[in-house]
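First comes the structure, then the notes that go with it.
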Amino acid sequence: IIGVAVLAALWLLWRRLSPPAGMVFDLDDPRMEVAKQTVRDTLPEFWAALAAEAPGDSDFGLKFDLNHGRGLPDRELIWATGVTRDADGTILGHLANPPINRDFSAGQSVVINPATIVDWCFFRNDIAHGHHITRLMIDLSPPRDAAQARKQLGWQPQYADLATIIEHAWKWEMRAA
């Protein structure tokens, strides 16, 4: 019994001292503030796409602070998928990954307060739209991880260098004129 108690105490200490999963930003990080402002400015694009239900549009998600208004000291930014918005403006979604807050679980249906939204995303023909905080995180990631993330989000450039991109853009422009 003492061995179990010691193991439990060590595990709790490890959990307390372990760094949080994911990338952590200071609350006033200017790069994060720019990304969040872009999210606020472009959120109407998300709502329009969600309402349009266009073929090729899928995987709508919102990233929000799960702990907002719950009297907890820490923020927990988490993605919700399966997002819907009722006629009265109520936003519902399902937690896309296991939360740290033990009062919730992955897949659980939640009501999302619009004031807590910090990012949005959807795929249009296999290319991710939105993901403004994700873009910042990718830019700060090691090159190999960043390349893998861009590939998964459909953000791989067709041409590898700027000169080739400009050449092809110019040819397209000339053809369109």
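Below, all heavy atoms of this structure are taken into account, side chains as well, without hydrogens, waters or symmetry copies.
With R135 contributing its side chain and G130 its backbone, the two residues share a donor-acceptor pair below 3.5 Å. A distance-only check finds no donor-acceptor pair linking the side chain of D86 to the backbone of D88 [under 3.5 Å]. D65 contributes no side-chain N or O that, together with a main-chain N or O of L77, makes up a donor-acceptor pair within less than 3.5 Å. Between the side chain of D119 and the backbone N or O of H132 there is at least one donor-acceptor pair closer than 3.5 Å. With hydrogens and angles ignored, the 3.5 Å screen pairs no side-chain donor or acceptor of W79 with any backbone N or O of N97. Under a 3.5 Å cut-off, the side chain of Q108 and the backbone N or O of S105 do form a donor-acceptor pair.
A 4.5 Å side-chain heavy-atom check between F46 and L62 finds at least one atom pair inside the cut-off. Annotation: side chain of Q148 is not in contact with side chain of R144 (no heavy-atom distance under 4.5 Å). Counting heavy atoms from C-beta on, the side chains of I112 and L92 never come closer than 4.5 Å. For the pair D59 and T81, the minimum side-chain heavy-atom distance is 4.5 Å or more.
Here the closest non-hydrogen pair linking V118 and V39 is O-CG2, 3.2 Å. Minimum heavy-atom separation, A106 to P98: CB-N, 3.7 Å. Nearest heavy atoms, R124 versus A49: NH2-CB, 3.8 Å. The shortest non-hydrogen separation linking V83 to G61 is CG2-CA, 4.0 Å. The two residues E33 and R40 come nearest to each other via the heavy atoms O-NH2, 4.4 Å.
Clustering ILVMFWY residues whenever any of their side-chain heavy atoms sit less than 4.5 angstrom apart, transitively, puts V34 in a cluster other than the one holding L140. Note: the hydrophobic cluster containing I138 also contains I127 (ILVMFWY, side chain heavy atoms under 4.5 Å, direct or indirect links). Residues F60 and F64 are members of one and the same hydrophobic cluster, defined by side-chain heavy-atom contacts under 4.5 angstrom among Ile, Leu, Val, Met, Phe, Trp and Tyr. Follow the hydrophobic side-chain contacts under 4.5 Å out from I117 and you reach I78 in the same cluster. L136 and W120 are members of different hydrophobic clusters when ILVMFWY side chains are connected at heavy-atom separations under 4.5 Å.
Between I91 atom CD1 and N113 atom CG the span is 8.0 Å, to the nearest 0.5 Å. A distance of 13.5 Å separates CZ in R150 from NE2 in H131, rounded to the nearest 0.5 Å. To the nearest 0.5 Å, atom CD1 of residue I100 and atom CD of residue E76 are 4.5 Å apart. Interatomic distance, OG1 of T38 versus CD1 of I133, reported as 9.5 Å (0.5 Å rounding).
Aromatic ring orientation, F122 versus H129: parallel (interplanar angle below 30°, classes split at 30° and 60°).
Around CG of D126, the count of heavy atoms belonging to other residues, nucleotides or ligands within 6.0 Å does not exceed 12.
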